[in-house]
Amino acid sequence: MSYQLLDGKETSKQIKAEIAEKVSQIIKNGGKQPHLAAILVGNNGASETYVAHKTKSCVQVGFKSSLIRFDNDISECELIEKIEEINKNDDINGLIVQLPLPEHISEDKIIESIIPEKDVDGFHPTNVGRMTVGLPAYISATPKGILELLKRYNIKTSGKHCVVIGRSNIVGKPMSILLSQKNETGNSTVTLCHSRTKNLKEITLQADILIAAIGKQEFVTSDMIKDGVVVIDVGIHRVKSDKTKSGWKLKGDVKFDEVAPKCSYITPVPGGVGPMTIVSLLQNTLLAAKKEIYG
Ligand code: NAP
């Protein structure tokens with residue numbers, strides 16, 4: 001079977017151009033440049049890379065971006081004080097705190113200390129709750145990006161059986177909720193799988209659309225899927241390689257080479273879900289600047 005790549009890199013370029021156009025309109029009309037602030041604690045290599053991509057993307061679309069860095073030993077209290085200062089700063093529209101945080105800091109407390117109006121990652125319980133009941137909300141960037149990618153490739157979800165592997169609060173769980181919503185990008189029957197799921201393969205074999213957000217390299221193999229499935233690979237794993245200049249290459253949660261030939265569509269890693277996640281964050285920041293969610 002010949003498969004089509006769901007090209008997140010190219011799609012994200014188009015969306016960035018659309019955002020840049022909207023930003024120049026705002027500025028032409030005398031409005032303010034949207035401003036995203038990012039907090040980075042410590043010097044985790046992967047987090048440094050993600051934040052660098054986000055900052056660069058802000059510049060590409062004409063946003064202002066600020067990076068606030070702290071050492072690993074910052075206290076939870078000090079971090080919350082900084083967040084509260086940003087919450088009150090009218091010049092900043094959106095705030096993200098790059099996860100994971102050091103163990104002595106509660107991620108839940110940090111997420112809850114960002115006011116929902118600036119929570120452009122869509123992790124605050126208020127945004128998660130509003131998303132769940134179908135109210136306007138900032139939607140977590142990775143599931144939002146996946147829905148956008150499906151939409152731009154005209155892949156319908158209505159009536160389909162979507163199987164999501166992984167139930168994290170930032171990917172799997174919101175993904176399963178969004179796909180089951182009574183709307184154009186939902187209307188599917190969803191099965192949410194996790195590490196306690198029995199007979200996983202029996203379930204994945206029924207998937208019309210399979211979303212892999214497991215965090216285990218090349219976990220999904222060709223015997224787990226049926227012919228013609230759409231596969232979305234969320235996983236990102238940095239593995240050593242002597243074939244690349246950097247000495248690293250990226251792999252996903254799906255064993256691409258053997259799975260792709262059975263698919264109708266599949267996302268590559270890199271260049272699939274990753275770039276779509278970043279543009280979704282930009283879209284949320286634009287919504288924040290235009291006060292479209294909370295007025
Ligand atoms: P996570 O918090 O580690 O969650 C992993 C989920 O997979 C958990 O729900 C876990 O089940 C489930 N799982 C683990 N082993 C399993 C197994 N053998 N069978 C079935 N389910 C299993 O992961 P995450 O934050 O959602 O991230 C998942 C992957 O996506 C990671 O590789 C991450 O780096 C990547 N990611 C990529 C992007 C992007 O923009 N492309 C964004 C976010 C994350 P339990 O709940 O039972 O433990």
Side-chain angles (χ1 to χ4, degrees), residues 5-9 11-12 15-16 38 44-57 96-101 103 107-108 111 120-123 128 138-150 162-179 190-207 210-221 223-225 231-239 248-256 266-284:
L5 276 184
L6 295 170
D7 189 341
K9 197 173 169 190
T11 308
S12 71
I15 298 173
K16 277 185 190 166
N44 172 307
S47 293
E48 293 267 0
T49 310
Y50 295 143
V51 169
H53 281 310
K54 290 170 189 175
T55 310
K56 189 174 150 204
S57 301
I96 58 168
V97 177
Q98 185 64 44
L99 303 179
L101 291 168
E103 276 192 7
E107 290 187 353
D108 287 341
I111 289 168
V120 287
D121 259 337
F123 296 164
V128 178
Y138 298 116
I139 292 169
S140 181
T142 302
K144 179 178 165 120
I146 292 170
L147 290 188
E148 185 74 35
L149 193 59
L150 292 173
C162 295
V163 175
V164 181
I165 320 178
R167 57 176 163 184
S168 71
N169 284 343
I170 62 169
V171 187
K173 217 183 282 171
M175 188 78 254
S176 69
I177 293 166
L178 291 163
L179 286 165
V190 182
T191 307
L192 180 59
C193 303
H194 45 77
S195 67
R196 310 289 171 92
T197 299
K198 286 189 180 143
N199 308 327
L200 180 68
K201 187 173 153 184
E202 248 172 56
I203 299 168
T204 57
L205 276 167
Q206 295 169 33
L210 179 72
I211 291 148
I214 313 146
K216 291 207 162 130
Q217 193 182 317
E218 297 186 319
F219 180 90
V220 176
T221 46
D223 57 322
M224 294 171 71
I225 51 154
V231 170
I232 307 292
D233 188 353
V234 181
I236 303 178
H237 307 274
R238 229 156 63 114
V239 293
W248 297 96
K249 69 176 174 186
L250 294 183
K251 293 265 183 195
D253 282 352
V254 174
K255 204 163 190 177
F256 185 90
I266 183 168
T267 56
V269 176
V273 175
M276 293 305 294
T277 297
I278 293 182
V279 285
S280 300
L281 177 67
L282 300 176
Q283 286 173 323
N284 280 348

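Residues take their numbers from the sequence shown, with the count starting at 1. Computed from a predicted model, the values in this text were never measured in an experiment. First listed ligand is number 1; within each ligand, the first listed atom is number 1.
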Carboxylate-amine/guanidinium proximity below 4.0 Å for D223 and K201: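 The answer is yes: the pair qualifies as a salt bridge.
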With heavy-atom distances below 4.0 Å as the criterion, list the atoms of ligand 1 near [X].
X: I165; result: 20 (C), 21 (N)
X: V171; result: 26 (O), 43 (C)
X: F219; result: 17 (C), 18 (N), 19 (N)
X: G274; result: 40 (O), 41 (N)
X: T277; result: 39 (C), 40 (O)
X: G235; result: 29 (C), 30 (O), 32 (O), 35 (C)

Where the side chain of [X] meets the backbone of [Y], is there a donor-acceptor pair that is under 3.5 Å apart?
X: T204; Y: M224; result: yes
X: T267; Y: D233; result: yes
X: E107; Y: L101; result: yes
X: N44; Y: S47; result: yes
X: T197; Y: L200; result: no
X: D253; Y: V234; result: no

Any luck finding a side-chain donor-acceptor pair between K255 and Q217 under 3.5 Å?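 Q217 and K255 do not have a side-chain donor-acceptor pair below 3.5 Å.
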Starting from [atom], what is the nearest protein heavy atom, named by residue and atom, and what distance separates them?
atom: atom 24 (P) of ligand 1; result: S168 OG, 3.6 Å
atom: atom 11 (O) of ligand 1; result: S195 N, 3.2 Å
atom: atom 12 (C) of ligand 1; result: G166 CA, 4.0 Å
atom: atom 31 (C) of ligand 1; result: G215 CA, 3.6 Å
atom: atom 37 (C) of ligand 1; result: V234 O, 3.0 Å

Record the part of K216 in heavy-atom contact with ligand 1 below 4.0 Å; permitted values are side chain, backbone, both and neither.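 Side chain only; the backbone of K216 stays clear of ligand 1.
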Is there a heavy atom in I236 that sits closer than 4.0 Å to ligand 1?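 So I236 counts as touching ligand 1.
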May I ask whether C193 places a heavy atom under 4.0 Å from ligand 1?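 C193 does not count as a contact of ligand 1 under the 4.0 Å cut-off.
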Of L99, I214, D233, which has the heavy atom at the shortest distance from atom 7 (O) of ligand 1?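 Checking each option, the heavy atom nearest atom 7 (O) of ligand 1 is found in I214.
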For the pair K144 and N284, evaluate side chain to side chain contact (heavy atoms under 4.5 Å, CB included) and give the outcome as yes or no after the intermediate values. CA-CA 10 Å; K144 179 178 165 120; N284 280 348; 3.1 Å; yes
Please indicate whether any nitrogen or oxygen in I170 is less than 3.5 Å from any nitrogen or oxygen in ligand 1.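 Between I170 and ligand 1, no N or O pair is found under 3.5 Å apart.
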Does atom 47 (O) of ligand 1 have a protein heavy-atom neighbour under 4.0 Å away?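 Yes, there is a protein heavy atom closer to it than 4.0 Å.
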For Y138 and D121, run side chain to side chain contact (heavy atoms under 4.5 Å, CB included): C-alpha distance rounded to whole Å, both residues' side-chain angles, the deciding distance at 0.1 Å, then the answer. CA-CA 7 Å; Y138 298 116; D121 259 337; over 6 Å; no
